[in-house]
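Atoms considered below: every heavy atom in the structure, side chains included; atoms not considered: hydrogens, waters and symmetry mates.
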Amino acid sequence: MPHRSRYRGSSAAPASDLLARCRAGFLQALRDGAGEVIRHPEWLDVLSRTAGACFDALVGPFRERKPEEGPSSIGLVRSDEADYSIALINLDRRLQTFCGRELSALHLRMRLMLADEGIEVREESPLGTATVCRALRALKEAEKLRPAEALQLLRQLEAPLARQLSHFYRALEHQLADEGLAHRGVDIRKQVEPPAPAPSPASAADAHETDWTDTPAARASLPIDPVDALRLAVLTQREMRQTPSASLDPDLASAIIERIKAWLVERQKYGAGVPVSLGASEMGALLSPVQAAAVEVIETVCGRAESDADLPATIRTLFSGLRVPLLRLALRSENLLALDRHPALRLVDRIANVGRTLPSDCTPGLPVCRGLASMVRALARLSRPGRRDFEMALGVLESLLVTRQKSALSRAARHIEIALRLERREVALHQASRAVYLLVGQEPASVARNFLERYWVHVLAKVAYRYGPESPQWASRLLVANRLLAAAVPPADEAARQRMKSEFPSLIYDLDDGLTWIALPAKQAGSALSSCQAMHTSLMAGRKPPVPTLRRTTSPPTLGAPDESPGLLTLKHKQYVAGELSLTPEWAGLTIGDSVAVGLPNGRVMYGYVAHLAPAGQVVLISDGDHDAVLAITARALAQQCARPETRLFRDESLVDAAATDKLLNP
């Protein structure tokens, strides 16, 4: 069956309507915020028009655009008034700090809703703060404001813009979330209404014959608890056929049951397991209806566990050893299938959830596997396992896992200081990348752009790390970047040509000073400066400057191992990253103790607990539960790695419910 989008309607209209609503709401929020300060309607029109053009440029085509609406006409930097450009970059950073979380959530939801409609939304949000800053740049140029006036206007606009944008992002995200539920067929009003009466087993069977399919939606639609539904189905089948046990003498029936128990003991003693289904055998026909239902559930659950591809082979083997104790319990327990979940079934779920968090090639010698195997052997030695025995086993397992988690957190505690430094560097690189991105905008590849993205971003990052983005040093290095961009523009006349010629040696000196400050190797620094000089020579001669063939946009994260911290791996960005990298809402809500798996660039997978979250939320420590291995990963690197199938956030699932449901839907 061809895939259908969750949000797809009968035409492309829903996507166009969604984009139009987002665009109109964003422009209105911008006008509302700016309108608290600006009293000239013409100025507000300039802001709206430019922001709308930038929105259109950052979204895949859903209507024809005019050529002049492209991003090149609204670039941030094409002015000699560098102070204003620096002020815009800092304004963007403060707006990001104030409402970046709301913006990230909204942008992610927009991308998910539009992806299946063929609408491409770039990494930079069309509703983002960079769009606001480009609109403010256009306003200054259109109205020919003096630098002092423009700077004063920025200071006055910051608070109302932050307030209005934050409210808009939050409200629109909530609205889209509700609409997403509605498109998936969920009526929110029904969530508070009492459930409909559960149908009888017969009607449930009829529904299975006509409408049910093996899908998550079908599984969620079961009218009652899956285990109870399977129990009723088995009882119904037993009632519909005549059983031989009905005519057996009670003493003989009891002797047969004792023989079945002895047979199970023999199979377990000699390590042969239970090769055939007890419920489907001739002896199974002699069981009482209650015993038959319990045996059916246990064999269904164990069969699912022993073949579950999500579980390592070591864990599947444990379930083979657990099958006999569970069957012996099923033959004598009257409340194994009670609505109050029996400890034996809770134990099965707990072992399965632990198993999913382990590597697929984990060995029986792994500490947690040894502990689980010891617990299973203890249950197998019991001649008459009961509820109390499985409660004790569940308690032992919980104690084992608590100790394992505490050990993981303790191992990670040794690396918290490095995680704090790593976060400071990550924030600094993010601020530097954002500043460069705002400077170059969507401009085509050029020598100046290549220089800023490959080299100068590290100068800015070091300034932000040491002195902060409000420091004079930050403004000074940004000023050099502005001068380089201005020097890449062909001179308009002879006077401009002479001025560029006289100022270029000073620019080269400042560029060289910055590269020396970050200790860039002499060979690389010489090559970088030579490209700028070649660009200048071409402009002075009236020729088109050379265009670099390679341009860095978004680089993959780099895996490292700091020498001063044995056992620690780091996964972080070391280069310029264009746009924003946002975590999904589930990953953004990580808490201490969550079990995760993260795919690494070297092909390995890091399994462990979330052991530490840095204060700004930009670095996560993941600690292995069984080995001395800790991974420090930045939020942006994690956002990229989430696209890998092996990167997973584990949540508890019920293997018992899944097995019972599959048996009902696929008898």
Does the side chain of [X] pick up a donor-acceptor pair with the side chain of [Y] at under 3.5 Å?
X: His430; Y: Gln618; result: no
X: Ser85; Y: Arg137; result: yes
X: Thr129; Y: Gln96; result: yes

I need the minimum non-hydrogen distance between [X] and [Y], along with the two atoms involved.
X: Asp626; Y: Asp624; result: N-OD1, 2.7 Å
X: Tyr609; Y: Gly593; result: CD2-O, 3.5 Å
X: Gly128; Y: Leu103; result: CA-CD2, 3.7 Å
X: Ser538; Y: Pro546; result: OG-CD, 3.7 Å
X: Met535; Y: Ala448; result: SD-N, 4.2 Å
X: Tyr576; Y: Glu453; result: CB-O, 3.1 Å

Measure the [atom1]-[atom2] distance between [X] and [Y] for me, rounded to the nearest 0.5 Å.
X: Met606; Y: Ile622; atom1: CE; atom2: CD1; answer: 6.5 Å
X: Leu649; Y: Cys642; atom1: CG; atom2: SG; answer: 8.5 Å
X: His415; Y: Leu631; atom1: NE2; atom2: CG; answer: 11.0 Å
X: Arg356; Y: Ser595; atom1: CZ; atom2: OG; answer: 12.0 Å

Check whether any side-chain heavy atom of [X] sits under 4.5 Å from a side-chain heavy atom of [Y], and report yes or no.
X: Asp513; Y: Arg477; answer: yes
X: Thr647; Y: Trp587; answer: yes
X: Glu102; Y: His167; answer: no
X: Leu409; Y: Ile592; answer: yes
X: Leu571; Y: Pro601; answer: yes
X: Leu154; Y: Tyr84; answer: yes
X: Asp56; Y: Arg23; answer: yes
X: Phe55; Y: Leu27; answer: no

Would Phe26 and Val132 count as a side chain to side chain contact (heavy atoms under 4.5 Å, CB included) if you check the C-alpha gap in whole Å, the side-chain angles of each, and the deciding distance to 0.1 Å? CA-CA 10 Å; Phe26 173 62; Val132 176; 3.9 Å; yes
Could you tell me whether Glu503 and Arg483 make a salt bridge, using a distance below 4.0 angstrom between a side-chain N and a carboxylate O? no
Determine whether a donor-acceptor pair (N or O, by modelled atom type, separation under 3.5 Å) exists between the side chain of Thr131 and the backbone of Leu127.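 No, the answer is negative, given that no donor and acceptor are paired below the 3.5 Å cut-off.
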Whether Gln405 side chain and Gly625 backbone form a donor-acceptor pair below 3.5 Å: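 Absent.
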Just do the side chain to side chain contact (heavy atoms under 4.5 Å, CB included) check on Leu176 and Arg21 with the steps written out, would you? CA-CA 11 Å; Leu176 295 183; Arg21 286 167 46 212; 4.2 Å; yes
Around [X], counting heavy atoms of other residues, nucleotides and ligands shown, do more than 12 lie under 6.0 Å from its [atom1]?
X: Arg604; atom1: CZ; result: no
X: Glu417; atom1: CD; result: no
X: Arg425; atom1: CZ; result: no
X: Phe650; atom1: CZ; result: yes

Give me the ring orientation class for His536 and Phe504: parallel if the planes are under 30° apart, tilted from 30 to 60°, perpendicular past 60°.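 Plane angle under 30°, so parallel.
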Just distance, no hydrogens or angles: give the donor-acceptor pairs under 3.5 Å from side chains in residues 458-473, sequence neighbours left out.
| from | atom 1 | to | atom 2 | distance (Å) |
| --- | --- | --- | --- | --- |
| His458 | NE2 | Gln575 | OE1 | 3.0 |
| Lys462 | NZ | Trp517 | O | 2.6 |
| Glu470 | OE2 | Arg93 | NH2 | 2.3 |
| Glu470 | OE2 | Arg94 | NH1 | 3.1 |
| Ser471 | OG | Gly468 | O | 2.7 |
| Ser471 | OG | Trp474 | N | 3.2 |

Under the salt bridge (Lys or Arg N to Asp or Glu O under 4.0 Å) rule, collect the residues that match up with Glu149, sequence neighbours excluded.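 Once residues adjacent in sequence are excluded, the partners of Glu149 under the salt bridge (Lys or Arg N to Asp or Glu O under 4.0 Å) criterion are Arg146.
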Could you tell me which residues satisfy side chain to side chain contact (heavy atoms under 4.5 Å, CB included) with Lys574, sequence neighbours excluded, listed by chain and number?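 For Lys574 the side chain to side chain contact (heavy atoms under 4.5 Å, CB included) partners, ignoring immediate neighbours, are Thr558, Lys572.
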Checking side chain to side chain contact (heavy atoms under 4.5 Å, CB included) for the pair Thr591/Val610: CA distance, chi angles, key distance, verdict? CA-CA 7 Å; Thr591 59; Val610 174; over 6 Å; no
